[in-house]
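Structure, as C-alpha cells:
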Amino acid sequence: ERARARPPRARGRRGQGSDTAAGWRRGTPGVRLRRGRRRQGVPGETGRCRDRAGGGHGGVASEGSARFTWAVSPACRGRTPAVVMASTDARTRPNILVTGTPGVGKSTTAAALAEAAGMEYLNVGELVQREELHDGWDSEYECLILDEDKLLDEMEDRVAGGGVVVDYHSCDFFPERWFDLVVVLRVRTEVLHERLTKREYSQKKLNDNMQCEIMDVLLTEAKESYKEEIVQDLPSNSIEEMEANVQTLAKWAADWSQ
Ligand code: ADP
C-alpha cells in the first residue's frame, strides 16, 4: 500500500512556479524531507506502492526515435485493468502530464501540444501563483512553498473531463488516476545549462536544477509514481525534436480519443 510506505505528510511542498525542482532535494543530503503524498481512498487509484524499487535508469537523456515509437503505440494507453479503471471511467479524452527539470521545455512543448491537439493547457506553476495555492516564499530555495491540498482541490474539476495537458516540474503527488500519459522531457546537460543561464538563476539554483537533470530525478519520480507503461521520456534538445514530440503526442491523443 503506497500510503503506508510514505512518510507522514508535511504540509506544503517547496518547488513551485519559481522553478526549482522539488524532487532533487529528496536525495540531497542534509536537506529536510518534505515529500508530498497523494490523496488516499480516491476511487480509481491503483493502490500501487510508490516506493517500490525504481531507478536503474542510466544516462542523462534518451535519444533517438525508437522509444518514441513505443510512446504512440496503443500499448501506451496502458490498458492493464488498473489503468483502464484509472483513466477511462470519467473521460473520453486523455489527460497528459508534461514534466521534467525546469528549463527542459515543458511549457513550450505542453502549450504547443495543447494547441495542436485541441486540448486545454494547464500550467500548474502559474495556477499556484495566480490562485495563491502556497504557504509563502522559501528564501533558501528561492521558490514558493506549494500547498498541495489547495492545488489538488483546485485542479480536480479541471482535469475530471479529460483533454488537459498539465505542465509541472514535479509529478509524485498528483492522483495517479488523473493521467493517461506522463511525458518526461530530457535535455543534454550543456543545453540545459545554456537555457538556465539565460534565466539568470542564482548559482545554487542553477546547480540544483542541473543536478536534478543529471541524476534523472524527474524520470525516476515519474516511474515510481505511475505505471511504467504510461511514462515516456523524450529528448527535447532542439526545435526539431520538440516539433516531432508535439506532432507525435497530438496523434497519440487523437488515437486515444477514438
Ligand atoms: P520549462 O517549462 O521546462 O521550464 P520552457 O518551455 O520555459 O521550459 O523552455 C525554456 C527555454 O528553452 C525557453 O526559452 C524555450 O523557448 C526554450 N526551449 C524549450 N524547448 C526547446 C527545444 N526543444 N529546443 C530549443 N529551445 C527550446
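Only heavy atoms go into these numbers, but all of them, side chains included; no hydrogens, no water, no symmetry mates. Start at 1 and go down the list; that is how both ligands and their atoms are numbered.
Checking L181, V165, D180, V182 one by one against N95, the side-chain contact (heavy atoms from CB on, under 4.5 Å) holds for a single residue, D180.
If you look at S236 next to ligand 1, the close heavy atoms, those under 4.0 Å, come from the backbone and the side chain alike.
Each of the atoms 3 (O) of ligand 1 lies under 4.0 Å from some heavy atom of V104. The N237 neighbourhood of ligand 1 comprises atoms 24 (N), with distances under 4.0 Å to a heavy atom of that residue. The contact set between ligand 1 and P102, taken as ligand atoms under 4.0 Å from a residue heavy atom, comprises 4 (O).
Residues D167 and S107 have side chains that bring a donor and an acceptor to within less than 3.5 angstrom of each other.
Applying the side-chain hydrogen bond (donor to acceptor under 3.5 Å, both in side chains) criterion to R130, with sequence neighbours excluded, gives no partner residue. By the side-chain hydrogen bond (donor to acceptor under 3.5 Å, both in side chains) test, E190 is found to be paired with R188, residues two or more places apart in sequence or in another chain being considered.
By the 3.5 Å distance cut-off applied to N or O atoms, S107 is counted among the residues near ligand 1.
Counting heavy atoms from C-beta on, the side chains of P102 and Y201 come closer than 4.5 Å.
Electrostatic pairing of E154 and K150 does not count as a salt bridge here, judged by no charged N lying under 4.0 Å from a carboxylate O.
Scanning K106, R199, R195 for the heavy atom closest to atom 7 (O) of ligand 1 points to R199. Looking at T108, V187, N123, it is T108 that brings a heavy atom closest to atom 15 (C) of ligand 1. Looking at A110, G105, S238 and measuring to atom 23 (N) of ligand 1, the nearest heavy atom belongs to S238.
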